[in-house]
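Notes to accompany the following structure.
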Amino acid sequence: MKTKEFPEKIKRASWDEYFLNIAEVVASRSTCDRKFVGAVIVRDKTILSTGYNGSIRKLEHCDEAGHMMENDHCVATIHAEANAILQAAKNGVSIDGGTIYTTASPCWNCFKLIANAGIKRICYTEFYRDERIFEIAKKVGIELVKLESKSA
């Protein structure tokens, strides 16, 4: 029952839900129509960097020029996780000890970048391609967390 002293509590998103929702919005900027992926790097509940999958700066995007396919994979795009790490580096932002929220689990190459960047936690929704990340994450002390997407 609502009263002036005790109003009904509003259901707030958890921090994981909040940052994952932002990653899903970031994914809407993706320029490769084969997969829309967004990433948000966070530390101490503060967004440090974002990234989405897209072409090299100043080059045409896949949705304009077509795909550069190798082994059923578009290699023209830079993945969202890599772009978030690059954006932080470009702006001089330390991401060591952070968490990355991504709309798909990282591929092997992005996982290696994440690990060497010092990120300690990876939150993702959809599993994408590479089982190696689970074994190596344990070995190097990275927590992998599968979250449920509200937009799925």
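Index from 1, following the sequence.
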(message) Does R29 have more than 12 heavy atoms from other residues, nucleotides or ligands lying within 6.0 Å of its CZ?
(response) no
(request) Using a cut-off of 6.0 Å, state whether more than 12 heavy atoms not belonging to K138 lie near its atom NZ. (result) no
Distance in Å, [X] [atom1] paired with [Y] [atom2], rounded so as to fall on 0.5 Å steps:
{"X": "I41", "Y": "T99", "atom1": "CD1", "atom2": "OG1", "value": "10.0 Å"}
{"X": "L144", "Y": "I133", "atom1": "CG", "atom2": "CD1", "value": "5.0 Å"}
{"X": "I85", "Y": "S49", "atom1": "CD1", "atom2": "OG", "value": "8.5 Å"}
{"X": "E143", "Y": "I122", "atom1": "CD", "atom2": "CD1", "value": "10.0 Å"}
{"X": "E126", "Y": "L147", "atom1": "CD", "atom2": "CG", "value": "13.5 Å"}
{"X": "N21", "Y": "E17", "atom1": "CG", "atom2": "CD", "value": "7.0 Å"}

(message) Looking only at side-chain N and O atoms, does Y52 offer a donor or acceptor that is under 3.5 Å from a partner on N83?
(response) no
(message) If only side-chain N and O atoms count, and only distance matters, is there a donor-acceptor pair under 3.5 Å linking N53 with T77?
(response) no
(message) Over 60° means perpendicular and under 30° means parallel, so tell me whether W15 and F19 are parallel, tilted or perpendicular.
(response) parallel
(request) Return the set of residues passing salt bridge (Lys or Arg N to Asp or Glu O under 4.0 Å) with E135 (not counting sequence neighbours), or none when no residue passes. (result) K139
(message) One pair to check against side chain to side chain contact (heavy atoms under 4.5 Å, CB included): V37 and H79. What are the steps and the verdict?
(response) CA-CA 8 Å; V37 181; H79 289 188; over 6 Å; no
(message) Same cluster or not: I100 versus V93, using hydrophobic residues (I, L, V, M, F, W, Y) connected whenever any side-chain heavy atoms lie under 4.5 Å apart?
(response) yes
(request) May I ask you to check whether Y128 and F111 place their ring centres under 6.0 Å from each other? (result) no
(message) So R43 and S94, do their side chains get closer than 4.5 Å, heavy atoms only?
(response) yes
